[in-house]
Amino acid sequence: MDKVYNHKDVEERIYKDWEEKGYFKPEINPQGKPYSIILPPTNANGALHFGHAMYVVEDILIRFHRMKGFSALWLPGTDHAGIETQFVFEKKLREQGKSRLDFKREELYEMIKNYVNENRGGIEKQLRRLGFSLDWSREKYTLDNNVIEIVYDTFKKLFADGLAYRAKRLVNYCTFDGTSFSDLEVVHEERKSLLYYIKYGPLVLATTRPETKFGDTAVAVHPNDKRYKKYVGQELEIETVLGKTKIKVIADESVDPEFGTGVVKITPAHDFNDFETGKRHKLPLKQVIGFDGKMNHYAGKFAGLYVKQARKAIVEEMQAKGLIEKIDENYQNRVGLCYKCRNILEPLPLEQWFVRMEPLAKPAIEAVKSKKIKIYPKGFEKRYFQFLENIRDWNISRQIVWGISIPAWFREWKPTKDIVIMGFHQRTEPQVLSGKTKTYRLRDHDFKVGDKFAFENSQTKKIFGYGTIIDIERTVVGKIPLDDRAHGATYKERKELIEAFKFHKPELGVTEKTKAWIYAYSFGFLREGQVHEIYVGEKKPIGEGWIQDKDTFDTWFSSAQWPFSTLMTNCDCKGSGGFFDKFYPTSVMETGYDILPWWVARMAMVGIYRTGKIPFKNILLHGLVNDPLGKKMSKSKGNVVNPLEIVNQYGADAVRFALIYGNATGNDQSLSYPKLEAARKFTNKLWNMARFIEMQKSKIKNQKLENNLTMEQLENIAKHEKDKEMVKKIGELTEKVTEDLEKYNFNYAAEALYESAWHEFADKYIEDVKNRINENSFLILNSSFLILLKLLHPFMPFVTEEIYQRFKFGKSIMIDRWPSFAKASEGKPSL
RNA sequence: GGACGGUUAGCUCAGCGGUAGAGCGCUUCGUUUACAUCGAAGAUGUCAGGGGUUCAAAUCCCUUACCGUCCACCA
């Protein structure tokens with residue numbers, strides 16, 4: 001053995017050997033109880049960063065359980081990372097003087113696909129460098145066909161249950177990147193904005209966005225504001241930069257009389273608050289800013305200007321016309337920025353797919369409250385609840401090409417002459433508009449599948465949408481499902497349903513046995529003159545004129561399904577049942593706390609919804625690795641440290657140990673070079689302890705001493721006081737490390753191991769035994785060292801394996817068993 | 001505007017009800033025949049400030065300050 005441990009001679013060779021021998025597969029413990037972790041999917045196009053290095057926690061758990069005899073599965077996978085990847089690619093295009101707009105959708109998709117394929121496999125190699133015992137034969141990709149199928153099925157189920165619906169709403173739209181984002185993806189930033197006080201006829205109002213005034217469809221005041229009471233309900237004639245126009249004054253509770261002048265302009269198409277106010281007062285949506293970020297024709301001579309330019313030009317002209325009373329230059333507000341390009345997001349009205357969150361969030365909350373899912377460290381429970389309790393519907397449409405296309409089809413509605421009308425009570429109209437796809441009837445409308453009909457508001461007699469019948473069920477009231485989300489309304493008891501029917505047809509004397517018809521339909525709405533039908537399914541429906549939804553799913557929509565989509569598409573290849581049955585729910589979901597709402601909470605919701613079971617039993621969250629000065633690593637700051645360089649320099653074992661040692665689970669840490677150096681020295685110390693023992697071996701006559709003894713055997717043969725003490729200490733250490741690992745107290749275990757190995761075993765025990773070595777004490781020395789190695793193996797897999805193989809003539813430590821200790825032995829022999 | 005986390009030795013951080021801990025650094029001595037090193041011994045802290053609970057508080061409660069993070073549609 002060399003005097004110094006050289007990780008470069010060891011790590012690559014050993015990893016290859018492990019992988020070739022199939023040690024990472026759960027099959028190596030065929031009888032074991034299942035233990036499973038799904039690795040958070042890494043960006044297929046990405047490179048390793050310290051966030052990935054923290055997954056060492058998962059490797060520790062997997063190696064620990066594998067040695068304990070579990071059938072342990074650690075399943076890797078990669079994510080197409082839609083927005084991330086498309087934007088990286090677009091940046092490349094820009095460098096070549098091109099843009100995404102120069103290509104057709106299909107072309108762009110192919111280009112990105114090729115680009116990703118060229119880079120794929122990179123991150124997997126890097127994860128191997130860290131020693132991660134991932135079952136690579138089971139690796140999945142979010143764009144694998146069978147994964148996509150599962151994503152489609154989930155979407156279809158959501159649609160059929162009335163939980164996925166299409167609605168035109170204001171979305172956070174980045175006019176630079178050309179896509180909308182979910183609420184979570186908006187970065188809010190405090191900014192100093194100019195607050196303009198603008199004259200609206202006799203009124204003055206304050207706004208930061210004078211350029212949206214062309215989209216104003218009202219001005220609002222608080223209903224109790226005495227100053228303005230006389231104007232409410234009036235139509236004011238006002239002077240604008242485009243000449244005279246008229247505007248209505250409304251009263252709305254949402255107006256804060258204290259802010260500005262207490263008057264606010266209502267621009268439903270460009271402000272989230274105003275959109276809501278507009279809905280309450282049935283104000284028209286007047287979009288004056290286009291998806292290209294430019295003013296449209298409503299802006300008159302300002303049309304074609306970008307928002308910023310338009311604001312400047314309009315303000316100048318207003319000032320010239322004396323329409324601006326004053327400008328407050330010290331006003332602070334928060335603006336929503338695109339998390340990718342940092343441009344200001346424009347709230348724009350767009351028709352998108354939304355997922356109703358409340359029905360999904362409730363069981364996810366309940367799962368944690370009832371301890372079916374446990375969160376570690378416990379402090380994160382609050383954040384989990386906070387997010388789920390205040391959740392809003394999730395916008396899952398993205399206007400990018402790199403992603404899973406949405407299996408939905410639209411077509412323009414062409415009413416036929418003999419269009420049939422189906423009446424809906426006024427109060428059910430909102431249900432239909434938000435995605436109701438079933439209706440119960442007591443009258444046979446003589447519909448056939450494929451028939452078209454118009455939705456009519458029975459009270460106002462107005463047509464508000466169209467539909468095509470896709471399924472008809474003839475039944476009786478008593479057999480109508482009460483908890484049918486696709487019907488919009490759900491009933492707790494049959495009584496309520498019968499009441500509802502009586503409301504519409506009192507003359508029939510409805511009972512459970514009354515005949516009923518259930519019509520399921522695809523639906524389309526009348527909106528601003530546009531009419532279209534919606535159909536959900538992968539295949540183009542029969543009929544003319546269907547066009548597929550051009551959008552793709554939010555990447556997190558597929559990620560949210562990762563625990564079951566990976567397991568449903570994997571098997572143990574012996575035909576004895578799929579991985580889903582065996583490994584779902586997974587044992588632990590381990591990831592950085594920063595994606596708790598983005599990913600973990602959504603997995604909990606979607607997992608429970610789709611499979612009826614929790615997706616994982618435990619949530620374990622690790623902290624962030626900051627730069628040595630404690631600042632968050634980021635490309636823009638230029639302080640990103642490449643973990644591979646650190647691995648090259650210190651060895652994977654040292655990097656792993658340094659990340660665990662002295663850092664409480666879930667806490668952030670700063671990358672510490674002294675700690676890395678200390679960990680490197682620790683690997684070297686272990687190496688030299690082994691070297692010392694090897695040297696002693698030659699002094700011993702009995703050469704059969706290579707076999708390690710169990711704790712029980714050691715206890716029996718220890719004669720010398722110091723030997724007995726050592727055996728006792730090793731037993732206690734085994735117990736402590738086992739407990740700490742089971743409780744996810746990785747740092748405790750690492751610290752105890754470091755302390756015991758170095759300061760007890762090496763400094764005290766070896767120093768003592770050195771001068772009195774004989775066959776008996778050598779056995780103790782050798783065997784307790786091997787136990788130490790096994791305890792250390794989950795943390796430092798490479799050195800421990802290299803030494804172990806030398807001691808055991810090539811046998812792997814990975815297929816040895818975790819040491820058991822007399823006191824709390826699980827009743828299994830330790831070898 | 002809400003919420004969470006942090007504030008402990010020069011530095012990086014553990015500890016979270018029972019007389020202050022680790023790594024690195026520092027001081028002294030020793031070793032260089034397991035250890036590009038290692039060992040032995042040592043110094044160093046009103047555990048952010050204030051108040052409270054307790055026989056006992058770095059550890060629980062309240063409060064203040066500073067730092068950090070997350071969430072939130074105020075023109």
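Each chain gets a letter, A, B and so on, in the order the sequences are listed, and its residues count up from 1. These numbers come from the heavy atoms of this one structure, side chains and all, not from hydrogens, waters or symmetry mates.
For the P atom pair drawn from B:rC11 and B:rG45, the interatomic distance equals 14 Å after rounding to whole Å. Here, B:rU32 and B:rA40 have their C1' atoms 15 Å apart, quoted to the whole Å. Only the P atoms considered, B:rG5 is 11 Å distant from B:rC62, to the nearest whole Å. Taking the P atoms as reference points, B:rC29 lies 43 Å from B:rG17, given to the whole Å. B:rG39 and B:rC35: their P atoms are spaced 12 Å apart (whole Å). Between B:rU44 and B:rC24, the two C1' atoms lie 14 Å apart (nearest whole Å). B:rA36 and B:rG49 are spaced 44 Å apart, taking the P atom of each and rounding to whole Å. Nucleotides B:rU8 and B:rC70 have their P atoms positioned 22 Å apart, rounded to a whole Å.
Contacts of A:H270 with the nucleic acid, taken as non-hydrogen atoms under 4.0 Å apart, are absent. Using a 4.0 Å heavy-atom cutoff across all strands shown, A:Y331 reaches sugar-phosphate atoms only and no base atom. In this structure, A:L195 reaches neither bases nor backbone, as no heavy-atom distance under 4.0 Å exists between it and the strands shown. The residue A:K681 sits close only to the backbone: its heavy atoms come under 4.0 Å of sugar-phosphate atoms, none of a base. Using a 4.0 Å heavy-atom criterion, one finds that A:A762 contacts the bases of the nucleic acid, with or without backbone contacts as well. Heavy atoms of A:Y748 sit under 4.0 angstrom from primed sugar atoms or phosphate atoms, though from no base atom. Within the nucleic acid shown, A:N663 comes within 4.0 Å of sugar-phosphate atoms alone, with no base atom in reach, counting heavy atoms only. Counting any heavy atom pair closer than 4.0 Å across all strands shown, A:E751 reaches sugar-phosphate atoms only and no base atom. Counting non-hydrogen atoms under 4.0 angstrom, A:M689 reaches a base of the nucleic acid.
The A:N684 side chain lies nearest to B:rC35 when the options are B:rG15, B:rA3, B:rC35. Comparing B:rA34, B:rU12, B:rA3 against the side chain of A:Q386 picks out B:rA3 as the nearest. Considering only the side chain of A:N747, B:rA14 comes nearest among B:rA34, B:rG39, B:rA14. For A:N667, the listed nucleotide lying nearest its side chain is B:rA14; candidates were B:rU12, B:rC4, B:rA14. Checking B:rU37, B:rA34, B:rA14 against every side-chain atom of A:E677, the shortest atom distance belongs to B:rU37.
For the pair A:E258 CD and B:rC74 P, the computed distance is 18 Å after rounding to whole Å. In this structure, CH2 of A:W758 is placed 10 Å from C1' of B:rG23, rounded to the nearest angstrom. Distance, A:H188 NE2 to B:rU69 P: 16 Å, rounded to whole Å. One atom, CZ of A:F761, and another, P of B:rA34, lie 15 Å apart when rounded to the nearest Å. At whole-Å resolution of the value, NE2 in A:H622 and C1' in B:rG5 are 16 Å apart. Rounded to an integer number of Å, the gap from CZ of A:R691 to P of B:rU37 is 14 Å. Across the protein-nucleic acid pair, A:K736 atom NZ and B:rA14 atom P stand 16 Å apart, rounded to whole Å. Per the geometry, CG belonging to A:L676 stands 17 Å off C1' belonging to B:rG25, to the nearest Å.
Between A:R680 and B:rU37 there is a side-chain N or O to OP1 or OP2 distance below 4.0 Å. For B:rC13, the OP1/OP2 oxygens have a side-chain nitrogen or oxygen of A:S670 closer than 4.0 Å. Checking the phosphate oxygens (OP1, OP2) of B:rA3, no side-chain nitrogen or oxygen of A:K382 falls inside 4.0 Å. Between B:rA14 and A:Y661, no contact under 4.0 Å exists linking OP1 or OP2 to a side-chain N or O. Taking only side-chain nitrogens and oxygens, A:R383 never comes nearer than 4.0 Å to OP1 or OP2 of B:rC70. Residue A:H222 places no side-chain N or O under 4.0 Å from the OP1 or OP2 atom of B:rC74.
Within the 3.5 Å criterion, the main-chain N or O of A:Y748 finds no donor-acceptor partner in the side chain of A:N745.
Taking the ring centre of A:F387 as origin, the terminal cationic atom of A:K382 falls outside the region bounded by 6.0 Å and 45° from the ring axis. A cation-pi arrangement is found for A:K213 relative to A:Y200, the charged atom lying closer than 6.0 Å to the ring centre and inside a 45° cone about the ring normal. In this structure, A:R656 fails the cation-pi test against A:F795, since its NZ or CZ atom is not both closer than 6.0 Å to the six-membered ring centre and inside 45 degrees of the ring normal.
For B:rC35, the base has no donor-acceptor partner in the side chain of A:K3 [N/O atoms by modelled type, under 3.5 angstrom]. For B:rA40, the base has no donor-acceptor partner in the side chain of A:E767 [N/O atoms by modelled type, under 3.5 angstrom].
Inspection of the A:E590 and A:H622 side chains reveals an N or O donor paired with an N or O acceptor under 3.5 Å. In this model, a donor atom of one side chain and an acceptor atom of the other lie less than 3.5 Å apart for A:T267 and A:D216. In this structure, a donor-acceptor pair under 3.5 Å is absent between the side chains of A:S784 and A:K729.
Ranked by how close their nearest RNA chain B nucleotide is to the 5' end, A:V186 and A:T207 are led by A:V186. Between A:W687 and A:D274, the one whose closest nucleotide on RNA chain B sits nearer the 5' end is A:W687.
B:rG39 is paired with B:rC29 under the Watson-Crick or G-U wobble criterion, all donor-acceptor distances under 3.5 Å. B:rU54: no Watson-Crick or G-U partner with both key distances under 3.5 Å is found in any strand. Remark: B:rG1 base-pairs with B:rC71; criterion is Watson-Crick or G-U wobble with both hydrogen-bond distances under 3.5 Å.
Regarding the sugar-base torsion, B:rA65 falls in the anti class, its angle being beyond 90° of 0.
Nearest heavy atom pair, residue A:K265 against residue A:D274, reads O-OD2, 3.2 Å.
Residues A:Y298 and A:F214 place their aromatic rings such that the two centres sit no closer than 6.0 Å.
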